[in-house]
J.: 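Take a look at this one; I'll ask things after.
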Amino acid sequence: MNSKIVVITTGGTIGSILQSGAVSVDLSANKIAKEIELAKQTLGYDIEVISPINKNSEALAPSDWLDILLSIQTACATDASGIVVTHGTDTLVYTVSAAVAIGHLWNKKICFTGAFYSPDNPSSDTSLSLLAALEFAASSHLKSGVFVAFRSNENNSEARILNGFDVKPMSFDDSYFGALYNNVLASYSPKYGLSDPISSKDITYPKIETTSLPDKKAIEAAQAKICCITLYPGIDKSVLQAVTMGRDIVIIQLYHSGTGPYGADYNDLIEHLREHADKTLFLLASFPSEYIQTPYDSSRALIDAGGCIYKDVQSHFLYVFSLLSLALGNTNEQIKSQLADWQMG
């Protein structure tokens, strides 16, 4: 197959080296270049490489998303069949969310990938990741959209293709990515290649109504207007007041069942929402609609107090969506409007 693929490298474990007892960014980018060349020889594709940044993903800031998005925009203007983005795993879901939120701007298929182990680790999954992402990007499966290719087992014999909106952050003891409700689009193995799509179900997700990208200064300014917190037993008004002060939007990660601290003797969160929801937009995630048909009392109380609870929209996506929306000049009401189809009544 004579496919042309643009590969955008950004650093991360997939492009790192073992050095002085630590995993470090390969500043020369030689490791990832060799891996891409090996994949090119294996698949026979025409590959063009763009390297806007070279950082471990824990070092990425929201302004770095723009460098990656601009590279995607540039690649979309070429005659490439698809686009692959190599990225570190720690914050991959945030950058993927940025690409998804404005996914209507892309006319090509974009597949992010990363590695759990660096290329020079004996257990490295770098080759599998690249091959899976490149084959999917070049395939006839879907013409556009944002996806993630990553291994599905620890012996590196198979990878899964996931929709970008569905991808969940890895927990501390995970060694590969999962997706909401285990939604998998396709699988890949070096032996059998890419499978036919397992699921053809259309995945809908919120989109920012824009025809252009924000600039870095606007993104940096928006960072100061938004924050994201995780609830825990014992959280009190002093903490909530501290994170709300000066913020236009507060993203709150709810408990597993779409609930939060609630009860006659423990009502700090409810009271805080009642006192501040007129000025601050509280976006709460996420209600697992596939598993829970009837919300708990605390979910209803959070809504009645002024919080906006969303079905199946993860907190990291709400954070990225809202930050980019603010950077593009959208108001709180416009952001709510664009998220309305996922909001619980």
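These numbers come from a predicted model, not from an experiment. Note that the numbering runs from 1 along the sequence shown for the chain.
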J.: Not counting sequence neighbours, which residues clear side chain to side chain contact (heavy atoms under 4.5 Å, CB included) with Glu58? List them please.
T.: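 Testing Glu58 for side chain to side chain contact (heavy atoms under 4.5 Å, CB included), a comparison that skips the adjacent residues, returns Asn56, Asp90.
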J.: Does anything in residues 211-235 form a side chain to side chain donor-acceptor pair (under 3.5 Å)? List the pairs, not counting sequence neighbours.
T.: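 Listed by first then second residue: Asp67-Lys216.
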J.: Side chains of Leu128 and Pro190, heavy atoms from C-beta outward: is any pair under 4.5 Å?
T.: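 Contact flag for Leu128/Pro190 side chains = yes.
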J.: Measure the shortest side-chain to side-chain distance between Ile83 and Lys109 over non-hydrogen atoms and say whether it is less than 4.5 angstrom.
T.: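 Contact flag for Ile83/Lys109 side chains = no.
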J.: Determine whether more than 12 heavy atoms belonging to other residues, nucleotides or ligands lie under 6.0 Å from atom CD of Glu209.
T.: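 Counting other residues, nucleotides and ligands, CD of Glu209 stays at 12 neighbours or fewer.
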J.: Do you know which of Gln41, Lys34, Lys40 makes side-chain hydrogen bond (donor to acceptor under 3.5 Å, both in side chains) with Glu37?
T.: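 Looking at Gln41, Lys34, Lys40, the match for Glu37 under the side-chain hydrogen bond (donor to acceptor under 3.5 Å, both in side chains) is Gln41.
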J.: Does the pair Leu162 and Phe177 meet the rule for a side chain to side chain contact (heavy atoms under 4.5 Å, CB included), with working shown?
T.: CA-CA 9 Å; Leu162 310 173; Phe177 286 102; 4.2 Å; yes
J.: Kindly list each side-chain donor-acceptor pair under 3.5 angstrom involving residues 315-322, sequence neighbours excluded, with atom names and distances?
T.:
| residue | atom | partner | partner atom | Å |
| --- | --- | --- | --- | --- |
| Ser315 | OG | Gln253 | OE1 | 2.6 |
| Ser322 | OG | Leu318 | O | 2.8 |

J.: If we only count heavy atoms from C-beta on, is the Leu326 to Thr331 side-chain gap below 4.5 Å?
T.: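 No, every pair of side-chain atoms sits at 4.5 Å or beyond.
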J.: Are more than 12 heavy atoms, taken from residues, nucleotides or ligands other than Asp265, located less than 6.0 Å from that residue's CG atom?
T.: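 Incorrect, the count does not exceed 12.
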J.: Between Lys168 and Val93, does a side chain to side chain contact (heavy atoms under 4.5 Å, CB included) hold up when you go through it step by step?
T.: CA-CA 7 Å; Lys168 299 187 294 187; Val93 296; over 6 Å; no
J.: Mark yes when over 12 heavy atoms from residues, nucleotides or ligands other than Tyr296 sit less than 6.0 Å from its OH; otherwise mark no.
T.: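 Incorrect, the count does not exceed 12.
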